[in-house]
Structures are given as C-alpha cells and as structure tokens.
2 protein chains.
Amino acid sequence: MVLRLSTLFLRTLREDPADAEVASHRLLLRAGYIRRAAPGIYSWLPVGLKVLAKVENIIREEMDSIGAQEVHFPALLPKEPYEATNRWTEYGDGIFRLKDRKDADYLLAPTHEEMFTLLVKDLYNSYKDLPLNLYQIQTKYRDEARPRAGLLRGREFIMKDSYSFDIDDEGLDRSYQLHRAAYLRIFERLGLEVIPVAATAGAMGGSKSEEFLHPTEIGEDTFVVSDGGYAANVEAVSTVVPDDIDYSDAPGAEVRDTPDTPTIETLVAHANAALPREDREWTAADTLKNVVLAAVLPTGERELVVIGVPGDRNVDLKRIEANIGAHLSVGGEVTVEAATDEDLKKHPGLVKGYIGPGLSLDAAVLGSKGSTGLTYLVDPRIVSGTVWATGANVRGKHVFGLVASRDFCWDGVIESVEVKEGDPAPDGSGSLRTQRGIEMGHIFQLGRKYAEALHLKVLDQNGKLTTVTMGSYGVGVTRAVAALVESNRDEKGIVWPRNVSPADVHLVATGKGEEVFAAAEQLAKELDAHGIGVMYDDRPKVSPGVKFGDAELIGIPTIVVVGRGLAEGVVEVKDRASGTSENVVVAEVVDHLRALISG
Amino acid sequence: MVLRLSTLFLRTLREDPADAEVASHRLLLRAGYIRRAAPGIYSWLPVGLKVLAKVENIIREEMDSIGAQEVHFPALLPKEPYEATNRWTEYGDGIFRLKDRKDADYLLAPTHEEMFTLLVKDLYNSYKDLPLNLYQIQTKYRDEARPRAGLLRGREFIMKDSYSFDIDDEGLDRSYQLHRAAYLRIFERLGLEVIPVAATAGAMGGSKSEEFLHPTEIGEDTFVVSDGGYAANVEAVSTVVPDDIDYSDAPGAEVRDTPDTPTIETLVAHANAALPREDREWTAADTLKNVVLAAVLPTGERELVVIGVPGDRNVDLKRIEANIGAHLSVGGEVTVEAATDEDLKKHPGLVKGYIGPGLSLDAAVLGSKGSTGLTYLVDPRIVSGTVWATGANVRGKHVFGLVASRDFCWDGVIESVEVKEGDPAPDGSGSLRTQRGIEMGHIFQLGRKYAEALHLKVLDQNGKLTTVTMGSYGVGVTRAVAALVESNRDEKGIVWPRNVSPADVHLVATGKGEEVFAAAEQLAKELDAHGIGVMYDDRPKVSPGVKFGDAELIGIPTIVVVGRGLAEGVVEVKDRASGTSENVVVAEVVDHLRALISG
C-alpha cells in the first residue's frame, strides 16, 4: 500500500519540541513518528508503527530460529506470584501497583519471570519436556523516578522477553549461548552496533549475566573495554587486588593534631609540611577516606554504612549499589546516597572530616571514642599490611602509619570506587578505557531462584523431582527504535537503515505539471506492485523545498524525485545518507530501485 | 514452520476445568490455547496466539481497505483528558485506576475517544485534512464486577477500536457506513454469524448506534427481530405507542377497601369477586403497577424513582438503565436495582403493596397522604385517557377507574418493561421474536460530544473554526476468538473455520514403523514448503487414539493420517467437521491438500 502524504496521518514539525532532550526524541517527534501522552508514555503514529513492526519482526524471526516459541502474557497481574519471589517488596517504588474493585492487589508487570515459571509448572513435568525456550513481545511498565530521553527510558514500553528452562547447568548454558548468538544477529540485522559486556545480576538474582550496550555519549551506562577484548559494565568490573604486605616491621601508628584538615587535600598538605618524607611526597593515595553512605532499602528505611577507600579515588554509587546487597540485612533493589547531616547527627561518633575506621581501633592509642556500631566495608585495594593516614574520630586529629589488619579491620570488601581510564583489566588484557552506552539487551543465567520460589520441579532421568534451572533474556524494542535514530541521523533528520525504514523509497513529485504527478503516480503503483514500500509525496500545493525537507527529516534511505528531468525522460534517485544522486531513465527506474533495495 | 507436537508448548487436558462455565472457555483451556492468570485475565499459548494473529490480520486488512490508518496508543493514561469529558467519574468502579510515584492519577484505558481526539487536535487544523479514520488493535482494561465465561467477558482484552473525524454530518454518516460495511466483511471472513441491531448509545453518548450481535444461547444481550427485517437490542426497542383516548365521558375514580391485596394477582382476584364486569374479566392488564427502583449513580449515591407500568408487564432493569440517564440529576453509567426495605423506610408515603401514582393525585378523593416527592416515570403504554386500577397509597386500599392525565400525571415517559415475544415491531414489520447474542462489535455516531469537550476544531471552507464530528467503532478481538469456538465445535472439540485455524493441516503419524515417521516428516516438509501451515504430531510413543483425540480437540479443519495405508501407498485425509475421510495416493496428497485449502 502506497503511503500518500496527502492523506497520511503525519505532520512534521519545523521547530525542535521544547521538552525533547536527546536527538532521537527530537527527531521522532519532529518527523511525526511518535507523540507524548504522559511523562515517559508515548503514542505511535502510522509511520512510527511501521518501524516498530519491522523491528519486532526481525526479533521474532531470530527468536523463532533458535526454536523459541511465542506466547503472550497479560500486563495486569496479581500480586501473589511476585510475593512468592519477594519482588513485590523488592521493586519498591519502581513498579505501578493498583487494586481492583474487590481490593485485591495487582501490578503492571515490569518483567515476567514469575508468570513464565508458573506456566511451565502448569504444563510440564518431565526432563523430556526440556529444554524449553519461550518468548513474548509485550508491553511493560516501570514507574521510573525520572522518565527521560523519550523512548530511551519510558514508563510504558515494549520488550521482547524470553525465558529458558533446562534440567541442568549445561542445558542452561546452551540456552544462554543460543540467546546470546541470536541477540548478536538481531542487532546486526537492525544495523545497531552493540558491545556485549559482563554485567551484574542486580535485582534479578542469578549468576552469569551480560548486557548488550550500544555505545553513545548519551548512554546512562558506563562500561570499560580493553584492547585485549575485555568489556564490562562498570558495576561489574573487578579490581585487580594487590598482594598482602608483611607488616611485622611496620612502625606503630601515631595520632597527631591536624587542626583544620577536614579534607584529603588539606590533610596531604599538612603531612607534607609537618611530616616531610625523603623518598616521596605525601599524596592522596596515602590516605584512607571513610565515606558515610545511606543505603535506602526497598522498605524505605535508611541503613548507614561506612566505606573506606584510597583517598585518591571517588566512590561510585552505582557500583556500590550493584554490590552492596550481600552486606545488608535485606535483599532487593537498594539505592545508595551520601549520608545527610541528619543521618550523621544520629551517630555522634562520626566526626565529619575526621572519620576513621572505628570498628576495632584501640581507643587508648587513638584517643578515640571507639566504634560507631556501623557496618564498615573497604575497597579491595585496602589489603592486609597497607599503611594509611586517616581520621582519628576526633575533631582536628588524624592517625598516621595505621596498618590494615594490624590496627583496624572491616566487615567486608566491596567494589566501591570509580573505575578510571588506565586501570588494569582484571583478565590481564591491558588497561581499561571507559565508554558510555545504552542497554539494548540483557541476558541472565537466573539459575534456580525463581523455580525454587515457585516450586517448578520436573522428574529427572532417575524419576526424581528436580528443580528446573532458568535463564531470562530481554531486548528493548521501543528503545531500539530510539537507539537506531541516535546512531542514524544527520543535521537534516533521520537516516534509517534499510531493514527498519517505514518504506523503501520516498517518492517526491515536484512542480505543477499534471504529467509530473501522473508519472509519479504511475511509478508509485509500479513499485508497490513489485513489493517495494513507497511513501509518495503527492501533496499538490506544497513547495519542492518543503517536500525535500520533509523527506530528509523522515529519513527513508532512497529518495526519488520526479520533476524537471521528466522532460528528458529521467528521474533523480538520491541516497539519503550520502546525499549523492544520479539520474535514471524512467523505463529503468523500477529495476534500478529493485536492485538497490535487494542489494 | 512446522508445529511439531513433540516440542510444541501445548498440553491438552482430558478433563473439563472446574471453573470454566461455557464451551469456548472449556475448549480453549482443554486444547491448550489459553491459561488463566487471574479472574478475567488470560495468557495466550503458542497455538492461541496464532489464532489471535489471524483474527487480527483479517481485521487489519479490512480497516486498511477503507483507508483507516493504524496507530497505537498507550494503555496507561493520565486522568486529565477523561476528566474533561467527565468519564473519569462516569465510569465509576468499571475502570482500573492507579497513582504513580508522584501521586498523579492514571487509568488503564477502557476505550480511547479522548486520546484520539487530542491527537487529531495536535496534528490537524483544516477541513482539508478530513475525513480521517484511525484505528488501533490494542489491549484494553475494564474492572468488570463479574468477569465470566473466559474470553467472552474479560478484564484485560484486545479490541480493535477506530475513530472517524469529519467536518459535517454527511461525512460522519459516510465514515459510519464505511465501518459498518467493513465490519460485515470482517465477520463474514471470520466465519462468524452476526446480526446488526439498533442499539442505544449508553455511556458513550452520541446518536445513532448499532451492535453486531452473534446469536447464541449464552449471550448476555437480548435482542429482537421481526420477519420484516427489524432487529434491535432490547434496550433500544421502542414501544408502539397507542393513541390517546378521549376521557370526557369516563366515570370518576373511586377508592375502595381492598384488604390483603398487596399483589397484582390478589388485586385482580378481588376485583373479579367484588366488582364483576359483564363484558370481560379483570386481568393484570387493567392494573397499574408502581415499582420503586434505586438508581445507583456513578458517585455511589442512590436516587429513588417510581415507575408505573401495566400490571401484566415486568420491568426490565437493563432497558431502564439504557434510558434513564435523561431523567436523572447526573450523567454517566447508572445501574438500577429494586429498592431495598431500607430505601423504602426513608419515604413513609410509599406503602408497600399499595403504591399509587402519588404526584398529582387529589388527596381528598383518594384519602391519600399525597405526593412522595419522588420522580414518577411511566411506560409509553400509559397514555392519556387510559383507565387503571392501582394502589391508593394507603394500606388495604386501591383506587379504580383512575384515568391517566385526568387523575394523575408523570414526570416523564421511559421504556421500562420487558419486550415480549409477539410484541409489534416499531417499524410495522411484523411481530417480534427475542434472541440472545454476544456483542462482537459496536459502532457509534458520537457526534460532537468529545470534540466539544476537548476543543477539537478545524477551519472550515469559510475560514471559520468548526467543531469536528466523530464516530467510534469497536470489535472485540479476543472475544471473537471465543465466539468462534462457541459456534464452531462439536462434542469432540473445536472445529476451526479455515481462515482462523492455527494451521491448515493436522498431520498424524501413527504406528511404530520408521517408514511411517519418515513419510510423515517428508510430507510435513513438502506442505510447509508450499506455504501450507502444518501441525505435525511426531510424538513417537503416543498411541493413535490419543493422537486422534488431540487432533479433534485442537480442531484444525483437515486431519491427515499417515499410517497403515502407507503400505498401499495412500494416506487418509479427514474432514474434521463432517468426520468423512478419503484415501489419497501419496504422490498426489500435496496437490490434493492445496486444492482443498485454497478451495
């Protein structure tokens, strides 16, 4: 069916919409693909829906090709399954909850692990039924605190989510690798560059996990790569841990007056002035910085923790959030923020600017009031025998020559500081570079967490009930449309990759002559008859300039102009991406375009 | 792609599920098409999803054929547009409402008039842009009081909804007729019998409206037809109103003691005994029955009304609900129920069993306490000059010879009693027969209600801002799947119409010989290569009886059996509907089936 601009429900905007922050959002609005219905919630106009359908079909074909079977779950779900896995609580404010007229609790599902697990439990009961891979392309909901960047972080969005069910770890690994390969093919066919990076499991639970990140400056995720091929989300990078140091000969620690030195900078300056060393100057790396953070639990409670890191490193809240779960009293999604003055007031032992590792500090030596009673975690670089200058838990006093393990200990080790350009890759493959990206897909080896919580067991080869092991896999469908625009555009508008363009050819009739419109009409029909998707700008009273501008904004990869050249028997075939054009004889244009498009 | 039963995510159930009330619900569960996720909320399994996709595609093709353009709106919507049209209140408990983390109000949309109106307002501004027809195939939500009958009345369901936008009434009528014709083609192609019947607009507002009802005993809607072609939902049937009667010679009304006659039956018996007439006996048709009802408003308030109807007729609450809106103080969806004793207590003037038309009754004549202060409505048969026996608003007293208009009057006339077999059709086309049906589609001429509330105006031919006129049109997609099963089944299972069957051929390999499976496998691949949809029962250890039972339950229209006949070079081709079968030579079976399927 020819898309005629005279009747197509599409209006382009000349101006950038005020509230659009990123290029994809601006362009999808301006070119008439989407409209905003509420914060983070969008309507799809006819051309937008065509792009969405093409993206969905590529995903569907690749899922089918690995033997995954398509199903469809409701978006509105009862609380009970999510209570069984504790996610009803763990999601905190991040999901939409509601009650029906009988006061029963429901949620708008952000992801469907529980329901898939229950469905398989309902239908299957033997190892012979496995492996099983199921998927759906479905509308999901998350009540994001800050919906932003148009389709990149919405509150109602489409995902392809799939789930694998296997009898053993080898099976899970096979299902995982099948999905991994399918995902790489999907992004390849979409024309979307992605880098698979090691990731943490977060609230999903489970063990192995990788994200497919599309590299872009506006991405919310930071990841690192090495020349040797290492790639990881910063949350997942593990620090190269130094060896322990023998401290048997280390001099004793000493508390010194250090008035007006509440920062690492002033402390280093004081040390260089008052305690000059021969071999080298004092630097921030010689100091131990103790940072008080508040972990906000899913229940809304605040739990304070103190984290000790080398003074030359900044804490990275996201890395801490990804790793702190094991150290807290409850599970679920935890956010971490700087402790407020109000938080600190509740713990008078915490002397701002002079906080030390209070836990096992010898109060006599340090003149300190001793432990604060808070959990104390340290960066992996704080190994046994390392020597530090740090706060003495008394205003205007620091302690020097404090030896880890000898003079203080800790409750746990946590990845907690920013990964820096030049840090070594954990696998020895060189030094790390940081990049930003958008998460386009995520694959998880969930293991048995959900199957155990919901009692999904099947009979194994020996007739024994065995808990099934699962994987879960997601691709952001609406997000993919936005990411494609981010990476396929120029100052004039969108430049769609051919596989996802709303049409193959944007046909423009210019001029006022009836013969021009007659020839263009004829060409549109012929192309359509050959299965070539045509958007035809048949608007009679619109200037060529406006038509060209719209064509460039809308972004169909090939623009065909029927106009002045018609008198010489040619039409102009223009490449949207490069801007180059050539004249093609009218009689040959259909074959020319067919070759171009299939090519 | 061949659907292999050895790996297909489908398990048939031998027993009827306990909670399934109707045949379609039982069969769709038993044959593995759907599973229940919550009351009125269902998951779609692979074969179910295939049927759903076929139904959607037929609808999509017919919508495209009338020039309607597909868009897609969110399901989660902000309150504001629904407040502007007052539907936020009017829907009462019938919709799902929720709040986001910022405490803003949202709803899960039951239908999208407001959003389409706003979108057109955003994009269009001239009569030249019209007519416009937009549609979506989308998930909708209604918080039904009693979700029932599986997919027939769900709380999350798929609808195709479309909306037309025109500059004038003629345009609206054209758009309406286009949709009407497209709907008839859709149901024709689906193989679903429907009868278009006149309907009331209900909470949607607007004027002309028709429902497409699928006739079936289990339908929730009652409609009437006449031999002359009249068809209407009972809510929409208008009574043939008798002419007024000259009452100048009518004798005066008389109050009589009628002890222990609180029912129509006892009143008639009393009259025949105490006031025998020469020409005919007293019957219920001589009495005026005054029924006290409580209208439950969208706000939850109860407003009492009294309705006077001939004593031989029963009130029909649904007909009253459809028509009472105009007589009440507020709009929106109103439910009507019998007044409770508690309701009656608040109005001591209402003497149960002896209620009369109190409003303008002459208290002196009747010995009554006079008006109750409640709205009094009457059935259209109560015309001026008709004579009645009715309650005197005093225990143990009735009044006889009461003349309408002379002795009592009313606040309004309302269609309020059951339509009976044999009642005359309002268009004079004969007498009415009642039938039950399921509402499969509904078309409305909305007019300017939504465009006015949301200020959708465009410039007309004279450059003047004119309010657009709209239509709205819906087809129940998931409901169509259920209705198709209701009308296409036998005692063994489903019998799909070919157009919506999950596959064209159900291929069964029976026996243990390797050559049987090899031949069936070969045939499955050939059919698949010819674009024929094949479900192949390749399960190696399942008995022929179970395989045949499953094939009949699943309901694919053609069953092909590769088994014993193979030795003689034939396979069995069986028609699921008739049960007849024929042997076809192996070499010819592909051509045979192609002819059968395209035929």
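Each chain gets a letter, A, B and so on, in the order the sequences are listed, and its residues count up from 1.
When side chains are defined from C-beta on, B:W44 does not count as touching A:V71, because their heavy atoms never get closer than 4.5 Å. In this structure, the side chains of A:L45 and B:L119 come closer than 4.5 Å at one or more pairs of heavy atoms.
Contacts of B:R35 with chain A are made by side-chain atoms alone, with heavy-atom separations under 4.5 Å and no backbone atom involved. With a threshold of 4.5 angstrom between heavy atoms, A:Y124 approaches chain B through side-chain atoms but not through N, CA, C or O. Using a 4.5 Å cut-off between heavy atoms, B:L123 contacts chain A through both its backbone and its side chain. In this structure, the portions of A:E70 lying under 4.5 Å from any heavy atom of chain B include both its backbone and its side chain. Using a 4.5 Å cut-off between heavy atoms, A:Q136 does not touch chain B at all. Heavy atoms closer than 4.5 Å to chain B are found in both the backbone and the side chain of A:L76. At a 4.5 Å heavy-atom cutoff, the contact between A:V120 and chain B is made by backbone and side-chain atoms alike. For chain B, the nearby part of A:K102 is the side chain; its heavy atoms alone come within less than 4.5 Å. With a 4.5 Å cut-off on non-hydrogen atoms, A:A104 does not touch chain B at all. Heavy atoms of A:L8 lying under 4.5 Å from chain B belong to its backbone as well as its side chain. There is no contact between B:E80 and chain A, counting heavy-atom distances below 4.5 Å.
Across all their heavy atoms, B:Q69 and A:P46 have their closest contact at OE1-CG, 3.8 Å. Of all the heavy atoms in B:A37 and A:M115, the pair that sits closest is CB-CE, 3.7 Å. Taking both residues in full, the closest heavy atoms of B:P74 and A:Y42 are given as CG-O, 3.3 Å, listed atom of the first, atom of the second, then distance.
Note that the CE atom of A:M1 and the OG atom of B:S65 stand 9.5 Å from one another [nearest 0.5 Å]. Rounded to the nearest 0.5 angstrom, A:R101 CZ and B:R146 CZ are separated by 8.0 Å.
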Let's go through A:D129 and B:R11 carefully: what are the C-alpha distance in whole Å and the side-chain angles of both, what is the deciding distance for salt bridge (Lys or Arg N to Asp or Glu O under 4.0 Å) to 0.1 Å, and is it a yes or a no? CA-CA 11 Å; A:D129 298 328; B:R11 288 291 179 273; 2.7 Å; yes

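With salt bridges taken as basic N to acidic carboxylate O contacts below 4.0 Å, one links B:R155 and A:D100.
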